[in-house]
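The chains referred to below are lettered A, B, ... by the order of the sequence lines, with proteins before strands, and numbering in each begins at 1.
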2 protein chains.
Amino acid sequence: MTPIENDSYHHGNLRQALLDAAVRTLKNHSVEQLSLRALAREAGVSQTAPYRHFKDKHQLLAELATQGFDELTEALLADRQPEDNTAQAMSACGRGYLRFALNNPEKYRLMFGKGMHDRTLYPELEASGMRAFGVLQEWVTRGIENDELDASDPELTAYHVWACVHGLASLIMDGKSHCSDQESVEQLVEANLGMIKQRLLK
Amino acid sequence: MTPIENDSYHHGNLRQALLDAAVRTLKNHSVEQLSLRALAREAGVSQTAPYRHFKDKHQLLAELATQGFDELTEALLADRQPEDNTAQAMSACGRGYLRFALNNPEKYRLMFGKGMHDRTLYPELEASGMRAFGVLQEWVTRGIENDELDASDPELTAYHVWACVHGLASLIMDGKSHCSDQESVEQLVEANLGMIKQRLLK
DNA sequence: CAGGCATGTTAACACTGTCAACACGCTATG
DNA sequence: CATAGCGTGTTGACAGTGTTAACATGCCTG
């Protein structure tokens, strides 16, 4: 878990240690509160050492976000079974998405939001984002092919579903939902996922 | 437009001048780039003068956001006609919402997102947000009463629609839409609004 | 073994938010 | 009408930030 303790002049594992420290920070603090200098302190290293491994603060954030999208992809696939039909895939993906977002709100906010300058500067970020979107698009496409979905354009439909789920996650995360307790949030999520499914499924 | 020029020791209109400068800044810069000191410079005043009018940077941001929600409420009502049926109200609200968000992306990001510490500290902010949501909820409620909408719970349905539209706005603003030109964005918006309507109208 | 290169450090600059102490000038009260 | 007070603006300072330049260390390769 913790990076190897190293008393020598060279840390040995600083790059990963900084990323780990950043992930840890995002558990309790917002992206805006995350500082390179604090990460360096936590890694037991001088305040400019990070610049040997990251051009920018933005680059570190971009790598965190990339890693976040990969985790999101896993979350989307976690509850899926190979034999799932479209309705089951929808439910699994939706729950996986919301679970990830609500369990890692600050990381999620970093992935979307404006943590970095310009995400087009980071091709790996774009790619990992695309992979996550691809999971959605895959079952939507299959659902349309199998005539299970009431839709024609797979990409547009997948984008629409993404927007709905993303909006739901954002509103809840930003406290715009009246319900504070865990249980009523889950009910809200289920109700919303139900409304999406209800009208998209034939 | 510009605050009154005032060579005297006292500015005379600093509070509003700062808010105006902030709004101007958000036209070209992100919330993160907005600094109190820069606003003070733009108002031709020392760097700590703002603290006579705002306890915090957060308080200034909260007031901007409050003002933003009021503008959003106007935008939601702008294209509405008193005799509109639910379908027409949906379209007008949806277009108004997206127009506001895409024309004022940084202000919108401030309104949602994590610009302030804790929005519950600013009751006026909460209230103006509620007024905006109320516009949505109003026509949803009427639509259900008139049996024009295929839904039962007005609040839940309004929240669902809000999530869909908010998600769409966020994804487009954060550049997750492939389409860069104005025209294809509008097509994307229309297609998405269409899918929401199609699914909700009886 | 020696030199080079990756990785670390120190010092410094230009920013930021924020507070305390001080200065100005309008307004109300004696 | 004078003066005391208070709202407003200023100066100076502290702590924190991202970032660069110049310097130091030590492993790895020729």
Side-chain angles (χ1 to χ4, degrees), chain A residues 3-22 25-26 28-65 106 110 113-118 121-122, chain B residues 3-22 25-26 28-65 106 110 113-118 121-122:
Chain A
I4 306 132
E5 280 299 333
N6 194 338
D7 290 351
S8 75
Y9 186 85
H10 289 89
H11 181 288
N13 206 12
L14 183 53
R15 182 186 180 85
Q16 193 56 48
L18 290 169
L19 289 170
D20 291 349
T25 301
L26 287 184
N28 307 318
H29 301 78
S30 72
V31 181
E32 292 83 7
Q33 295 174 308
L34 185 152
S35 92
L36 272 193
R37 288 165 104 114
L39 297 183
R41 278 193 296 272
E42 194 161 341
V45 104
S46 85
Q47 59 197 24
T48 57
Y51 288 88
R52 299 294 149 193
H53 300 274
F54 302 95
K55 176 188 169 296
D56 251 347
K57 183 180 183 182
H58 301 287
Q59 192 193 328
L60 187 149
L61 294 180
E63 274 179 52
L64 280 183
E106 295 304 335
L110 166 65
K114 264 252 187 169
M116 294 126 281
H117 277 135
D118 182 2
L121 295 176
Y122 307 97
Chain B
I4 307 131
E5 279 298 332
N6 195 335
D7 290 350
S8 75
Y9 187 87
H10 290 89
H11 181 288
N13 205 11
L14 184 53
R15 182 186 179 85
Q16 192 57 47
L18 291 169
L19 288 170
D20 291 348
T25 301
L26 286 185
N28 307 316
H29 301 77
S30 72
V31 181
E32 292 84 7
Q33 294 173 307
L34 185 151
S35 92
L36 271 194
R37 288 167 103 114
L39 296 183
R41 278 192 297 270
E42 193 160 344
V45 102
S46 84
Q47 60 198 21
T48 56
Y51 287 88
R52 297 295 150 197
H53 300 274
F54 303 95
K55 176 187 167 298
D56 249 349
K57 182 180 184 183
H58 300 287
Q59 192 192 328
L60 188 149
L61 293 181
E63 273 178 53
L64 280 183
E106 294 305 333
L110 166 64
K114 265 252 184 166
M116 292 126 284
H117 279 133
D118 183 0
L121 296 176
Y122 307 98

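- Taking each heavy atom of B:Leu14 and B:Ala49 in turn, the nearest pair found is CD2-CB, 3.8 Å.
- For DNA chain C, the neighbouring residues in residues 50-65 of chain A, judged by any heavy atom under 4.0 Å, are A:Arg52, A:His53.
- Among the nucleotides D:dT17, D:dG18, D:dT10, the one closest to any side-chain atom of A:Leu36 is D:dG18.
- Between A:Ser35 and A:Lys57, the shortest heavy-atom distance links the atoms CA-NZ, 4.4 Å.
- In this structure, B:Arg41 places its CZ atom 16 Å from C1' of D:dT10, rounding to the nearest Å.
- Of all non-hydrogen atoms in A:Ala43 and A:Leu18, the two that sit nearest each other are CB-CD2, 4.2 Å.
- Distances shown here put a side-chain N or O of A:Ser35 below 4.0 Å from the OP1 or OP2 atom of D:dT17.
- In this entry the distance linking CD of B:Glu32 with P of D:dT17 reads 17 Å, nearest Å.
- Residues B:Val31 and B:Leu64 have side chains not in contact (no heavy-atom distance under 4.5 Å, counting atoms from C-beta outward).
- Nearest heavy-atom pair, A:Ser46 versus A:Ala40, reported as atom, atom and distance to 0.1 Å: O-CB, 3.4 Å.
- The CG atom of B:Asn13 sits 11 Å away from the P atom of D:dT8 (whole-angstrom rounding).
- For A:Arg15, no side-chain nitrogen or oxygen approaches OP1 or OP2 of C:dG8 to under 4.0 Å.
- The CG atom of A:Leu14 sits 9 Å away from the C1' atom of C:dT7 (whole-angstrom rounding).
- Side-chain atoms of B:Ser46 lie closest to D:dT10 of the nucleotides C:dT10, C:dG8, D:dT10.
- Counting only residues at least two apart or on different chains, no ring-ring contact (aromatic ring centres under 6.0 Å, His included) pair has a member in residues 29-57 of chain B.
- Of all non-hydrogen atoms in A:Leu110 and A:Ala65, the two that sit nearest each other are CD2-N, 4.1 Å.
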Under-3.5 Å N/O pairs linking protein and nucleotides 12-15 of chain D:
residue: D:dA13; atom: N6; partner: B:Gln47; partner atom: NE2; Å: 3.3

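- Under the 4.5 Å side-chain criterion, counting only non-hydrogen atoms from C-beta, B:Leu121 is not in contact with B:His58.
- Side chains of A:Glu106 and A:Gln33 form no contact here, defined as non-hydrogen atoms less than 4.5 Å apart.
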